[in-house]
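Below: the structure, in structure tokens.
Because only heavy atoms are used, hydrogens play no part in the values below, and waters and symmetry mates are left out as well, while side chains stay in. In what follows, every chain begins at residue 1, and chains take the letters A, B, ... in the order their sequences are listed.
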Number of protein chains: 2
Amino acid sequence: MAPVPSGVLGAVDPTSDRAVFRQIADQLREAIDRGRFKEGSKLPSEAELVEHFGVSRMTVRNSIGVLQGEGLISAEHGKGVFVRPRPPVRRLASDRFARRHRDQGKSAFIVEADAAGSRPEVDSLEVKEEKPSRDISARLGSPRKVLARRRRYLLDGRPVEFAVSYLPLDLARGTRIAEPNPGPGGIYARLEEAGHRLDHFDEEVRARMPSPGEAKMLRLASGVPVIHLVRTAYDTEGRAVEVCDTVMAADAYVLAYQLPAT
Amino acid sequence: MAPVPSGVLGAVDPTSDRAVFRQIADQLREAIDRGRFKEGSKLPSEAELVEHFGVSRMTVRNSIGVLQGEGLISAEHGKGVFVRPRPPVRRLASDRFARRHRDQGKSAFIVEADAAGSRPEVDSLEVKEEKPSRDISARLGSPRKVLARRRRYLLDGRPVEFAVSYLPLDLARGTRIAEPNPGPGGIYARLEEAGHRLDHFDEEVRARMPSPGEAKMLRLASGVPVIHLVRTAYDTEGRAVEVCDTVMAADAYVLAYQLPAT
DNA sequence: CAGTGGTCTAGACCACGTG
DNA sequence: ACGTGGTCTAGACCACTGA
């Protein structure tokens, strides 16, 4: 068993008021912050830390759990504990739905990822009619049924976002919007062709820890929150024509908005 | 010791592939979701769960840890484990910095909280000159020193937000902006009086788990992420005149934006 | 005071990943 | 086969809360 690199980690004081596992977590955190353990690199194994600090394994595991909860490290069964790499973030600009950005063939996600040198994928595509939740229904003006378009987005094989678009049935049924591939420019282009010129979008942004289902769908490490974004699209007559409910891996995104000062 | 209420929690299957502590976490999560344990109410004690499921205490504690990480429950030493109440959220609208909202005497935070029936407080107010971080410096056009205005916001005694405003020294030194109370309309009103008419704001929104210092400052329970918001204010000449760096308790906020469709 | 969660020990066996 | 983390036990003592 390799010893812990000398000088990187000190000793703990069992008589201190601060719990031993917190002292160990503090030392590891500081070592990571100072770059003594680099992004993606392996921390000393539990056994090595037990040896180094002279504590029981549960104490070491407890300290590792603290840093996992902070999103700093993640454990991989059979391999070790690693400093969590910060993945490249996708920047969502507030003008991303402007008409000029509607590409002829490809979706905004694909275009943008290609430009950034990432490999984009969309999977789990599912389109079906269903009864809306109370919340979605209220936002769309209480339709009895809606068309739901579900899909998951991945970058370089990593799932980063899961989104569901809801549209009132009278706008969607029988159009390309109800097909898996809605055609060039996406559903917004189809809505405008049908006479529903878009006026503006409302976006609501929340952050929270993922449900177990979301963590699985996005393959989230512990300590990674999600950004929950609900966007409502309005046409020029003030009618809500679409609600898009999106859950994003928070470590993969930064949202950018421009606000008028007037 | 009171028994676990009958019918609410079942049994675990030690031969299952799913770990026992996950099965217990699943059962507790489902009971909470179904409302069998209401918001703010106390869960069975660790000892009662040990008795009910016939497992060791560490197993029960492990399952409790899972739900804490999800932000569903929080433990209080000496009292018990409770279903985490969802605090009222503060909605930040994208027009919150419009001139018409600049109240004569009070800050936007105070006005809004009063209207919502909450008791607002601002503390830890600190104003000083300092050397900016690389990031802040870049956003402000690389000034050598800046004025930093730090403050913490509380609602009904609960800290919800910690904010730091940075301004280039040449705009702030010798003005009311450099005083703890910048006067009616706040620093934006002072900037405009000095001829820096505001044109727009850029906001960047991220979500992540808090650092230990942030968790302490905002008294965050485990399983509560923070929203990190960086806003840059530009005047009509395109100069960045202020950067505001804000860390918010994610369970206390929803951000609302309006985006043009053009 | 009794009851609660917080910390810690010293073991055990299992499941995963790699050589 | 071996080293890694994952799960689990059966205890112990401590610190906080409330009656």
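For the side-chain contact (heavy atoms from CB on, under 4.5 Å) test with Val243(B), the passing option among Val164(B), Ile136(B), Val146(B) is Ile136(B); the others fail.
Taking a 4.0 Å limit (strictly below) on heavy-atom distances, residues 21-30 of chain B reaches DNA chain D at Phe21(B), Arg22(B). Near DNA chain D, meaning a heavy atom under 4.0 Å away, the residues from residues 41-56 of chain B are Val55(B), Ser56(B). Residues of residues 2-20 of chain B having a heavy atom closer than 4.0 Å to DNA chain D, listed by number: Ala19(B), Val20(B). Shown for residues 66-84 of chain A: residues whose heavy atoms fall under 4.0 angstrom of DNA chain D, namely Ala75(A), Glu76(A), His77(A), Gly78(A), Lys79(A), Gly80(A), Val81(A).
Bounding nucleotides for the chain A contact on DNA chain C, 5' to 3', at a heavy-atom distance below 4.0 Å, are dT7(C) to dT18(C).
For Arg150(A), the CZ atom sits in a packed shell: over 12 heavy atoms of surrounding residues, nucleotides or ligands are nearer than 6.0 Å. Counting non-hydrogen atoms of neighbouring residues, nucleotides and ligands closer than 6.0 angstrom, the CD atom of Glu204(A) exceeds 12 such neighbours. Within 6.0 Å of atom NZ in Lys42(B), more than 12 heavy atoms from other residues, nucleotides or ligands are found, so the atom counts as buried in its surroundings.
Note that CG of Leu72(B) is 12.5 Å distant from CD1 of Ile64(B), once rounded to the nearest 0.5 Å. Here the CZ atom belonging to Arg149(B) is positioned 13.5 Å from the NZ atom belonging to Lys128(B), to the nearest 0.5 angstrom. Atom CZ of Arg90(A) sits about 5.0 Å away from atom CG of Leu92(A), to the nearest 0.5 Å. Distance check, rounded to the nearest 0.5 Å: OH of Tyr257(A) to CD of Glu203(B) gives 9.5 Å. Separating the CD atom in Glu121(B) from the CD1 atom in Ile110(B) is a distance of 9.0 Å, to the nearest 0.5 Å.
Closest of all the heavy-atom pairs between Arg208(B) and His228(B) is NH2-ND1, 3.5 Å. Nearest heavy-atom pair, Ser63(B) versus Ile24(B), reported as atom, atom and distance to 0.1 Å: OG-CG2, 3.4 Å. When all heavy atoms of Arg84(A) and Asp251(A) are compared, the pair lying nearest together is NH1-OD2, 3.2 Å.
Ranked by how close their nearest DNA chain D nucleotide is to the 5' end, Met58(A) and Ile64(A) are led by Ile64(A).
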Verify side-chain contact (heavy atoms from CB on, under 4.5 Å) between Thr246(A) and Phe162(A), making sure each step is shown before the conclusion. CA-CA 6 Å; Thr246(A) 302; Phe162(A) 183 75; over 6 Å; no
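Counting only N and O atoms by type, the side chains of Asp13(B) and Thr15(B) include a donor and acceptor under 3.5 Å apart.
Scored by the ring-ring contact (aromatic ring centres under 6.0 Å, His included) test, Phe109(A) finds Tyr153(A) as partners (sequence neighbours excluded).
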